[in-house]
There are 2 protein chains.
Amino acid sequence: MKISTKGRYALRLMLDIAMHDTIEPVRLKDTAERQNISVKYLEQIISALVRAGYVKSIRGPQGGYRLMKKPTEYTVGMILRQVEGNMVPVSCLEDEAVDCERQEQCVTLRIWKELDVAMRSVLDKYTLADLMGWQQEITP
Amino acid sequence: MKISTKGRYALRLMLDIAMHDTIEPVRLKDTAERQNISVKYLEQIISALVRAGYVKSIRGPQGGYRLMKKPTEYTVGMILRQVEGNMVPVSCLEDEAVDCERQEQCVTLRIWKELDVAMRSVLDKYTLADLMGWQQEITP
DNA sequence: TTATTTCATATTGACATACTAGGAAAAAGG
DNA sequence: CCTTTTTCCTAGTATGTCAATATGAAATAA
């Protein structure tokens, strides 16, 4: 019941890009240094975010990555779901789940559903913009 | 980010014992049949619950298991924590966590903390007694 | 043409998950 | 005492996931 490094790093990566979005796109090399994560691992993580259309890449020298939307438009949940998969607490709640025959009588399912709602309510409440604000409070 | 079968089965196991608590203790053989889980796997799961003092075992013929407390005294979270471990969403929040040097500047930690609170609020709100009530509504 | 960047795919080692297997220990009933 | 039924304990095993590293190709700015 843990969020993987991929998910946690993805959030820090997106925040790092958002915080350093100037005329120049953000290079993974720089993010890697600032966040203390290997470039190679970041490459893997960001590929999912590129595929999702969350960031756009510019190749070659002076290349890098840039956000496609405003920081207010990325919730934490959106980012996690791209790299972690669906983020539901039990597979019974997955869209592709074959519904099991005991589902109607399954009282534990009520718990999992409510847990799912509670998790979403947190993860979809905050956006990158919120994280940016907090970050600026700490390191002005 | 999934609850394992062990956690889910543990909850069904405890509910099954609670629902069939009569003069006779509940045998795993019967639970296994009702819940469609192997006796061997249930044995493993229940050992953690015995160790925690949640159920008491009676060996030999006419043996089985019995709850140590009233169903109202077991929250879902308590049961899950025994078999799944601490149930916090990131290891930074574990009691034994070596606190990382970036903790003070870590804005993502705020998210994880709030996620943890939200999860607890659901998992510690419901007890076995609630589950029993729901079950009885469905199959009177 | 070279250096710098992203892009794509494969490989690795460690660990976790979801079980099954085999037998020992306890105890009730005859 | 003996047999059967139950829990108890340890080990094994197949599969998968995690957390990376490694290798090299493709694009592009200067």
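Throughout, protein chains are lettered first and strands after them, A, B, ... in sequence-line order, and every chain is numbered starting at 1. Atoms considered below: every heavy atom in the structure, side chains included; atoms not considered: hydrogens, waters and symmetry mates.
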Q | Which residue lies more 5' along DNA chain D, comparing A:Tyr9 with B:Val50 via nearest heavy atoms | A | B:Val50
Q.
With a 4.0 Å cut-off on N to O distance, would you call B:Asp21 and B:Lys70 a salt bridge?
A. no
Q: Measure from the side-chain heavy atoms of B:Gln62 and tell me the nearest of C:dT20, C:dA28, D:dA29.
A: C:dA28
Q. Given C:dA18, is OP1 or OP2 found less than 4.0 Å from the side-chain N or O atoms of B:Thr5?
A. yes
Q. Looking at A:Tyr74, is A:Lys69 sitting on its ring face, NZ or CZ under 6.0 Å from the six-membered ring centre and within 45 degrees of the normal?
A. yes
Q) Donor-acceptor pair under 3.5 Å: do we get one between B:Gln44's side chain and the base of C:dT20? A) yes
Q. C:dA18, C:dT6, D:dT5: which one has an atom nearest the side-chain heavy atoms of A:Leu28?
A. C:dT6
Q) Hey, does A:Ser38 reach any base, or is it just sugar-phosphate, or nothing, if we go heavy atoms under 4.0 Å? A) sugar-phosphate
Q. Does any donor-acceptor pair link the side chain of B:Lys40 with the base of D:dG12 at a separation under 3.5 Å?
A. no
Q. Do other residues, nucleotides or ligands put more than 12 heavy atoms under 6.0 Å from A:Lys113 NZ?
A. no
Q) Do you know the tightest heavy-atom contact between A:Leu28 and A:Leu13? A) CD2-CD1, 3.9 Å
Q.
Any side-chain N or O of A:Tyr65 below 4.0 angstrom from OP1/OP2 of C:dC7?
A. yes
Q. Which of the following nucleotides, C:dA3, D:dT4, D:dA19, is nearest to the side chain of A:Ser4?
A. D:dA19
Q: Could you work out which one of D:dT5, D:dT21, C:dT5 sits closest to the side chain of A:Tyr41?
A: D:dT21
Q) Charged N to carboxylate O below 4.0 Å: is that the case for B:Glu84 and A:Lys2? A) no
Q: Assign A:Ile46 to base, sugar-phosphate, or nothing according to its heavy-atom contacts below 4.0 angstrom with the strands shown.
A: nothing
Q.
It should be established whether A:Arg59 places a side-chain nitrogen or oxygen under 4.0 Å from OP1 or OP2 of nucleotide D:dT28.
A. no
(Q) As a test of reading the structure: which of C:dT4, C:dT6, D:dC8 is closest to the side chain of A:Ser57, going by heavy atoms? (A) C:dT6
Q.
Please report the distance, rounded to the nearest Å, between CG in A:Leu13 and P in D:dA20.
A. 14 Å
